[in-house]
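Okay, structure first, notes after.
All residue numbers refer to positions in the sequence shown, counting from 1.
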Amino acid sequence: QLQLVESGGGWVQPGGSLRLSCVASGYAFFDYAVGWVRQAPGKEREEVSYISSSSESIRYAESVKGRFTISRDNAKNTVYLQMNSLKPEDTGVYYCAAVRSNGVTWHLPISIYEFTSWGQGTQVTVSS
């Protein structure tokens, strides 16, 4: 399994931007699908965006489409989440998660429960 460390969270006003990073350590990061999952206060964790091991498959939650962009650099063992036009409802703890793809480069998890490695999370607060 991978060890994942998120960074880049913070406080931002509505309409602002943040860029989250997830750095992985361990073997074969190139063979893992990675996702960003968030948890708002008092709510369950929800999918934000997923990216397959080769970046050929990407999925966004409807609530972030057109505002967030996920990308990865396998040479740096890093996945990014660029968040623009942030809204107060984007507030929450953002987690990076990963699951082995076993060579299926287009594979994306169906649900957050498929992830086997999780980071500790980074807080994002959007308020005026």
Side-chain angles (χ1 to χ4, degrees):
Q1 294 191 359
L2 299 177
Q3 291 73 50
L4 305 171
V5 178
E6 306 94 334
S7 63
W11 173 84
V12 64
Q13 291 185 333
S17 297
L18 285 173
R19 188 193 196 202
L20 305 183
S21 297
C22 170
V23 178
S25 59
Y27 178 69
F29 174 75
F30 61 87
D31 193 37
Y32 281 78
V34 179
W36 287 97
V37 176
R38 70 186 178 191
Q39 186 167 22
K43 295 188 177 181
E44 294 186 353
R45 292 186 183 186
E46 64 174 359
E47 170 187 340
V48 175
S49 182
Y50 296 168
I51 186 166
S52 67
S53 60
S54 66
S55 303
E56 63 187 277
S57 299
I58 287 175
R59 186 166 76 232
Y60 297 99
E62 286 295 326
S63 59
V64 307
K65 277 184 180 178
R67 300 187 297 121
F68 290 11
T69 302
I70 191 171
S71 61
R72 66 189 292 163
D73 184 339
N74 285 347
K76 296 182 178 180
N77 281 17
T78 303
V79 172
Y80 306 97
L81 185 68
Q82 178 66 44
M83 306 187 295
N84 298 330
S85 303
L86 282 161
K87 304 176 181 180
E89 50 263 44
D90 293 318
T91 294
V93 179
Y94 283 68
Y95 298 92
C96 178
V99 61
R100 192 85 186 241
S101 296
N102 295 312
V104 185
T105 59
W106 47 263
H107 171 71
L108 292 177
I110 295 175
S111 81
I112 66 171
Y113 302 104
E114 293 185 39
F115 289 117
T116 57
S117 299
W118 289 84
Q120 293 301 306
T122 185
Q123 176 70 44
V124 171
T125 302
V126 185
S127 72
S128 54

Give the other cluster members for Y60, using side-chain heavy-atom distances under 4.5 Å between Ile, Leu, Val, Met, Phe, Trp and Tyr residues; answer none if it is isolated. L2, L4, V12, L18, L20, F29, Y32, V34, W36, V48, I51, I58, V64, F68, I70, V79, L81, M83, L86, Y94, V124, V126
Same cluster or not: I110 versus I112, using hydrophobic residues (I, L, V, M, F, W, Y) connected whenever any side-chain heavy atoms lie under 4.5 Å apart? no
Heavy-atom donor-acceptor pair, T122 side chain to G9 backbone, under 3.5 Å: yes
Looking only at the side chains, is there a donor atom on one of E6 and S21 sitting less than 3.5 Å from an acceptor on the other? no
Could you tell me which non-hydrogen atom of V99 sits nearest to which non-hydrogen atom of P109, and how far apart they are? CG1-CG, 3.6 Å
Under the 3.5 angstrom rule, does the side chain of R67 hit a backbone N or O of Q82 as a donor-acceptor pair? no
Quick check: does any side chain N or O of S101 sit under 3.5 Å from a backbone N or O of A33, one acting as donor and the other as acceptor? yes
For residues 25-41, which residue pairs pass the salt bridge (charged side-chain N to carboxylate O under 4.0 Å, His left out) check, not counting sequence neighbours? D31-R100, R38-E46, R38-D90
Judged by modelled atom types alone, do N84 and S17 share a side-chain donor-acceptor pair under 3.5 Å? yes
What's the spacing between L108 CG and E47 CD if we round to 0.5 Å? 8.5 Å
Do Q1 and S117 come close enough that some side-chain heavy atom pair is under 4.5 Å? yes
Would a 4.5 Å heavy-atom cut-off, applied to side chains only, mark P14 and S128 as touching? yes
Closer than 3.5 angstrom, by distance alone: can the side chain of E56 be matched with the main-chain N or O of S52 as a donor-acceptor pair? no
Would you give the length of the straight line joining atom CG of D73 to atom OH of Y80, rounded to the nearest 0.5 angstrom? 5.5 Å
Is the backbone N or O of T105 less than 3.5 Å from a side-chain atom of S54, with the two atoms forming a donor-acceptor pair by type? yes
Co-members of Y27 in a cluster of I, L, V, M, F, W and Y side chains, linked at under 4.5 Å: none
Is there a donor-acceptor pair under 3.5 Å between the side chain of T78 and the backbone N or O of K76? yes
How far apart are the C-alpha atoms of R72 and S55, what are their side-chain angles, what is the distance that settles it, and do they pass the side-chain contact (heavy atoms from CB on, under 4.5 Å) test? CA-CA 7 Å; R72 66 189 292 163; S55 303; 3.2 Å; yes
E89 atom CD, neighbour heavy-atom count above 12 within 6.0 Å: yes
Quick one: name the residues clustered hydrophobically with V23, using the 4.5 Å side-chain heavy-atom rule over I, L, V, M, F, W, Y, and just say none if it's on its own. none
If you group Ile, Leu, Val, Met, Phe, Trp and Tyr whenever their side-chain heavy atoms sit less than 4.5 Å apart, what else falls in with V104? W106
If you compare all heavy atoms of E62 against all heavy atoms of K65, which two are closest, and at what distance to 0.1 Å? OE2-NZ, 2.7 Å
Tell me, please, which residues at least two apart from F115 pass ring-ring contact (aromatic ring centres under 6.0 Å, His included). Y50, W118
